[in-house]
Amino acid sequence: MHPLSDEYDESKDQILVSEARAGSREAIEALARAHERFINNIALRMVREPHDAADLTQEILLKMLTNLSKFENKSSFRSWLYRMAVNHLISATRRKSETEVHSFEDWGDFLNKVYAEEEMSPEEQLARDAEIRAVRDRCMTATLLCLDRKQRIVFILGSIFNVSSTIAAEILDISPENFRKQLSRAKADLFQFMEANCGLINPRNSCRCYKKTKGFIREGKVDVLTQQFFPKVTETIHSVAGRKNEELDALMEGKYLSLLGRSNITKRISPKSF
């Protein structure tokens, strides 16, 4: 069960916090382990690069440990911790990936121009399925970077991790209504871009994952990409988001979120090399 589900039981956290504040190293380590993976996956969607996400995760956990004595039980521990995590992710120094994807307009121009004339036969597409999925997932994570940081964290919590508006609002220190409004705006911006550019969403769009993949194969980049996109232990978002909205596929936005939510843990490919 992930720490931001409605059914999450905080009793173990409360015991570990008490023991950690009393000086137990084992409790400190257990508390960090309980939240590290989920914080890392949020950070990964914020900055795209695994090494940057790992650095941010360690910075957040260090903040947690150094400020644990200041936790006064005025809110739940998870709200205290994830508010700290979100604030750190919003205010941290911009990572390189965030300077490489500037806006929806620039990203759309890049996608529409790069390898636009390449083709793959149906047989080639079948044989290169893993590589094509790697390119698709890379594109989805880059598209998230077009949102500003506040929009991005709202979208990540509300749409990718399916955190309820009540819990998300408590973490962001806003009202649930305000959170829902911000989430709606972030979805609208993201889905409008995808509707206008992504061939998976709108067949009238010219952009095709297999065309980009064909170009990468020709340039000798695909082997590197697949090693980065498909490590031996590939952790998807669904392995940490324990609660899935079963009605999602029936919603109009399901076609967008199914792509954005399945992205694997990845390494860096900038627009210059993408």
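Because only heavy atoms are used, hydrogens play no part in the values below, and waters and symmetry mates are left out as well, while side chains stay in.
No donor-acceptor distance shorter than 3.5 angstrom exists from the side chain of E118 to the backbone of Y210, with no hydrogens or angles considered. T143 places a side-chain N or O within donor-acceptor distance of the main-chain N or O of C139, the cut-off being under 3.5 Å. Here the side chain of N87 pairs a donor or acceptor atom with the backbone of R83 at under 3.5 angstrom. Looking at D148, its side chain does come within 3.5 Å of a backbone N or O of K150 through a donor-acceptor pair. Not one N or O on the side chain of N40 forms a donor-acceptor pair closer than 3.5 Å with the backbone of E36. With hydrogens and angles ignored, the 3.5 Å screen pairs a side-chain donor or acceptor of N197 with a backbone N or O of F193. Checking side-chain atoms of R95 against main-chain N and O of T93 turns up a donor-acceptor pair under 3.5 Å. A donor-acceptor pair under 3.5 Å links the side-chain atoms of K212 to the main chain of L111, judged by distance alone. Between the side chain of Q125 and the backbone N or O of M120 there is at least one donor-acceptor pair closer than 3.5 Å. Remark: side-chain polar atoms of R94 are not paired, donor with acceptor, to backbone N or O of S91 under 3.5 angstrom.
Side-chain contact between R78 and I167 is present, with at least one heavy-atom pair separated by less than 4.5 Å. Counting heavy atoms from C-beta outward, R152 and I156 have side chains that approach closer than 4.5 Å.
Between F179 atom CZ and T166 atom OG1 the span is 10.0 Å, to the nearest 0.5 Å.
Ring-plane geometry between Y8 and H35 is classed as perpendicular, the angle between the planes exceeding 60 degrees on a 0 to 90 degree scale with a lower cut at 30.
With respect to the salt-bridge test (charged N to carboxylate O, under 4.0 angstrom), the residues E177 and K181 qualify. A salt bridge does not link E117 to K211: none of the charged side-chain nitrogens sits closer than 4.0 Å to a carboxylate oxygen. Of the charged side-chain nitrogens involved, none lies within less than 4.0 Å of a carboxylate oxygen, so that D109 and K113 do not count as a salt-bridged pair. Taking a cutoff of 4.0 Å between a charged side-chain nitrogen and a carboxylate oxygen, E119 and K214 do not qualify as a salt bridge.
Between W107 and F104, the distance from one ring center to the other does not fall under 6.0 angstrom.
No side-chain donor from either of T141 and R48 sits under 3.5 Å from a side-chain acceptor of the other.
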* **Stepwise side chain to side chain donor-acceptor pair (under 3.5 Å) test for T213 and E131** => CA-CA 7 Å; T213 306; E131 292 93 332; over 6 Å; no

